[in-house]
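The next block holds one structure in the form of structure tokens; read it before the comments.
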Amino acid sequence: MTPVHFSFSSAFMLGLMGLAFHRTHLLSALLCLEGMMLSLFIALALWALQLESTGFSAAPMLLLAFSACEASAGLALLVATARTHGTDRLQNLNLLQC
């Protein structure tokens, strides 16, 4: 395993562990998701550069576009949750109540 591969794998795993174990606030969960998407974007971009193929060059940009859409949807949910519940703590959210 190369050091570059190890660093991106560990960055993705840190984001995944942060999402799994430290999910007290919605904002921290969104930040962990963004960290995971950013590590995937950089790894996919470096993989496309290493292959030196033009067929894979659009994949990182597509992932970055989906990441931006995911971030905007997450921030919209954060604002809506903060307005309706007054906080972004995930323990206070009950999905069974309207």
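Here the closest heavy-atom approach between residue Cys32 and residue Leu19 is recorded as SG-N, 3.7 Å. Shortest non-hydrogen contact noted between Leu75 and Leu30 is N-CD1, 4.3 Å.
Residues Met13 and Leu40 fall within the same hydrophobic cluster, defined by Ile, Leu, Val, Met, Phe, Trp and Tyr side chains chained together at heavy-atom separations under 4.5 Å. Under a hydrophobic clustering in which Ile, Leu, Val, Met, Phe, Trp and Tyr are joined whenever their side-chain heavy atoms come within less than 4.5 Å, directly or via other members, Leu51 and Leu63 fall into the same cluster.
Considering CG of Leu78 and CZ of Arg83, their distance stands at 11.0 Å, rounded to 0.5 Å. Atom CG in Leu14 sits 11.0 Å away from atom OG in Ser9 (nearest 0.5 Å).
Scored by the side-chain contact (heavy atoms from CB on, under 4.5 Å) test, Thr2 finds Val4, His5 as partners (sequence neighbours excluded). In this view, Ile42 and Phe8, Leu38, Leu46 satisfy the side-chain contact (heavy atoms from CB on, under 4.5 Å) rule, not counting sequence neighbours.
Legend: ring-ring contact (aromatic ring centres under 6.0 Å, His included) pairs involving residues 14-50, not counting sequence neighbours, sorted by first then second residue: Trp47-Phe56.
Through side-chain heavy atoms spaced under 4.5 Å, either directly or across other Ile, Leu, Val, Met, Phe, Trp or Tyr residues, Val79 is tied to no other residue.
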